[in-house]
Amino acid sequence: MSRSFLNITDLSAEEARLVLEIAERPIVALGRPLEGRGAALIFEKPSNRTRHSMEMAVFQLGGHPVYTRGEEVGFDSREPVEDVAKIMEGYHGLIAARVFSHSIVERLAAATSVPVVNMLSDWSHPLQGLADALTMQQCLGGLDGRTVAYVGDYNNVARSLCEVSAMLGMHVRLACPTGFDADVAELERILLLGAPSVEQSTRPSDAVAGAHAVHTDTWVSMGQETEKEARRQAFEGYRVDDAMMSLADPSAVFMHCMPAYRGFEVSAEVMDGPRSVVFQQGHNRLHSARAVMAFLLGVR
Ligand code: CP
Ligand code: NVA
């Protein structure tokens with residue numbers, strides 16, 4: 001059975017460091033581990049960064065990406081998830097999926113002998129977490145002992161960010177409204193992954209004070225559109241703006257997985273300002289996706 005990448009925690013801390021190192025290697029140094037093979041990229045939700053970075057990463061590894069919309073595949077409606085997995089392994093060296101329910105990627109991985117990559121689920125977004133770690137490493141010059149702050153909804157992006165940050169030795173600070181926060185068991189789980197400290201507050205100023213990287217994400221994730229107005233009210237006060245950034249370390253960077261909604265979770269001044277590294281972060285999606293697929297396919 002191949003290794004899959006459904007969550008950041010599918011890697012050990014040592015493996016996560018290796019993947020970040022592979023991300024910085026020249027493409028030619030990776031060989032062409034997907035030579036002559038395809039990669040299935042199945043999307044139940046829209047995407048810009050993930051689709052393009054994954055297609056290009058598959059190409060750079062010598063393979064051929066095949067994009068399919070979720071409704072064409074029809075997980076459990078047109079045919080069972082397990083049948084999809086077993087058919088696709090006959091064509092492809094790797095299967096990747098962006099799904100509503102995390103259980104779909106788990107079932108794909110259990111049913112197939114090729115690696116499965118989670119391209120975002122309701123639970124986690126590990127490809128984003130890797131790019132976030134790579135970007136922080138590049139910008140902060142190292143992660144061990146640094147402080148990462150996340151302000152907003154404790155969602156799929158936040159979970160993967162907290163996991164990778166903890167595994168790589170960062171202090172983790174969360175600011176989330178009650179009802180949209182991490183529960184005690186989740187905070188304990190993150191701490192046990194290796195963070196020197198994990199703290200959560202309802203006050204953004206508590207989380208951001210002295211932080212070296214300040215992250216946020218949309219208040220309304222894909223699939224939550226009917227909750228848009230209620231969520232916008234619940235998150236008022238959690239916008240990352242210049243006043244909030246002024247509490248962070250003077251060298252702090254601002255990060256966002258994108259798509260970003262200026263005027264909601266982040267002000268335009270911060271998103272487009274001098275501390276923002278969001279485009280470097282977005283471009284790192286390509287390098288980290290290539291690295292983790294190379295790793296799953298045996299590159300060391
Ligand atoms: N950050 C991210 O996953 O972007 P897309 O939804 O555009 O792929
Ligand atoms: N939390 C967001 C991330 C988008 C890349 C969502 O799930 O829609």
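We use all heavy atoms of the structure for the numbers below, so side chains are in, but hydrogens, waters and symmetry mates are not. Just follow the structure's listing: the first ligand is 1, and inside any ligand the first atom is 1.
Atom 7 (O) of ligand 1 has its closest protein heavy atom at Asn48 N, 2.7 Å. Distance from atom 2 (C) of ligand 1 to its nearest protein heavy atom, with residue and atom name: Arg285 NH1, 3.3 Å. For atom 8 (O) of ligand 2, the nearest protein heavy atom (residue, atom name, distance) is Met222 N, 2.7 Å. Looking only at heavy atoms of the protein, atom 3 (C) of ligand 2 is closest to Asp217 OD2, 3.6 Å. The protein atom (non-hydrogen) at minimum distance from atom 7 (O) of ligand 2 is Asn156 ND2, 2.9 Å.
For ligand 2 and Met258, the ligand atoms under 4.0 Å from any heavy atom of the residue are 5 (C). The atoms of ligand 1 that sit less than 4.0 Å from any heavy atom of Cys257 are 1 (N).
For the pair Arg300 and Phe295, the cation sits on the ring face: its NZ or CZ lies under 6.0 Å from the ring centre, inside 45° of the axis. With a 6.0 Å cutoff to the six-membered ring centre and a 45° limit on the axis angle, Arg232 does not count as a cation-pi contact of Trp219.
Neither the backbone nor the side chain of Asp153 comes within 4.0 Å of ligand 2, counting heavy atoms alone. Only the side chain of Arg98 comes within contact range of ligand 1, with a heavy atom under 4.0 Å; no backbone atom does. With a 4.0 Å heavy-atom cut-off, ligand 2 is reached by no atom of Thr50.
Of the polar atoms of Met258, at least one N or O is found under 3.5 Å from an N or O of ligand 1, judged by distance alone. Of the polar atoms of Pro259, none of the N or O atoms is found under 3.5 Å from an N or O of ligand 1, judged by distance alone. When only interatomic distances are considered, the shortest N/O to N/O separation between His125 and ligand 2 does not fall below 3.5 Å. Note: an N/O pair closer than 3.5 Å links Arg49 and ligand 1 by distance alone.
Formation of a donor-acceptor pair under 3.5 Å by the Glu225 side chain with backbone atoms of Gly223 is found in this model. For the pair Ser4 (side chain) and Pro115 (backbone), a donor-acceptor distance under 3.5 Å is absent. Within the 3.5 Å criterion, the main-chain N or O of His125 finds a donor-acceptor partner in the side chain of Ser160. Proximity of a side-chain donor or acceptor of Asn284 to a complementary backbone N or O of His287 within less than 3.5 Å is not detected.
The ring of Tyr67 has its center closer than 6.0 angstrom to the ring center of Phe43.
The CG atom of Leu247 lies 11.0 Å from the CG atom of Asp242; values are rounded to the nearest 0.5 Å.
Aromatic ring orientation, His283 versus Phe279: tilted (interplanar angle from 30° to 60°).
Between Arg17 and Glu14, no side-chain nitrogen of the basic residue sits less than 4.0 Å from a carboxylate oxygen of the acidic one, so the salt-bridge criterion is not met.
Residue nearest to atom 3 (O) of ligand 1, selected from His52, Gln281, His125, Gln128: His125 (by heavy-atom distance).
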